[in-house]
Chemist: 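Dumping the structure here so I can ask a few things about it.
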Amino acid sequence: VNQLIIVMTLKEGLELIENYKKGLQKFLDVLPEQAVQIGSEMIKTITMSTKNEIANLEAIEEALKRSPKDELGISE
């Protein structure tokens with residue numbers, strides 16, 4: 001079995017998440033222009049799904065930014 005292992009730094013991971021969020025936001029910005037082709041109900045569904053995805057990415061960012069000491073309740 002071939003496996004691909006990707007190693008990245010925390011900074012690189014956070015930058016990747018930030019770039020993905022920017023792409024999703026751009027998608028949301030142009031989505032209303034597509035209403036004629038795909039309908040308003042579909043626009044609402046896609047918008048809600050995309051906003052949820054952004055919120056999930058933000059939660060992942062927050063978790064990654066927390067230090068292990070924060071998680072264990074250890075003070076310096």
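Nothing here was measured: the structure is a model prediction, and the numbers come from that model. Index from 1, following the sequence.
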Chemist: Any link between Val36 and Met42 through a network of hydrophobic side chains (Ile, Leu, Val, Met, Phe, Trp, Tyr) touching at under 4.5 Å?
Modeler: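 Result: no, two separate clusters.
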Chemist: Rounded to the nearest 0.5 Å, what separates atom OH in Tyr20 from atom CG in Leu57?
Modeler: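 Going from the OH atom of Tyr20 to the CG atom of Leu57 covers 6.5 Å.
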Chemist: Show every salt bridge (Lys or Arg N to Asp or Glu O under 4.0 Å) that has at least one partner inside residues 49-61, sequence neighbours left out.
Modeler: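 Every pair satisfying salt bridge (Lys or Arg N to Asp or Glu O under 4.0 Å) with a residue in residues 49-61: Lys21-Glu58, Lys21-Glu61.
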Chemist: Working to the nearest 0.5 Å, report the span between CD1 of Ile54 and CD1 of Ile17.
Modeler: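 Ile54 CD1 to Ile17 CD1: 13.0 Å, rounded to 0.5 Å.
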Chemist: Is it the case that Glu15 and Asn19 place a side-chain donor and acceptor less than 3.5 Å from each other?
Modeler: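 No donor-acceptor contact under 3.5 Å links the two side chains.
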Chemist: Quick check: closest heavy atoms across Ile43 and Ile38, and the distance to 0.1 Å?
Modeler: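 Minimum heavy-atom separation between Ile43 and Ile38: CD1-CD1, 3.5 Å.
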Chemist: Please find the pair of heavy atoms, one from Thr47 and one from Leu31, that lie closest to each other, and give the distance.
Modeler: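 Scanning both residues completely, I find the closest heavy atoms to be OG1-CD2, 3.2 Å.
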Chemist: Return each pair, listed once, that meets side-chain hydrogen bond (donor to acceptor under 3.5 Å, both in side chains) where at least one residue sits in residues 4-14; pairs must be two or more places apart or across chains.
Modeler: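 For residues 4-14, and leaving out neighbouring residues, the side-chain hydrogen bond (donor to acceptor under 3.5 Å, both in side chains) pairs sorted by first residue read Thr9-Glu12.
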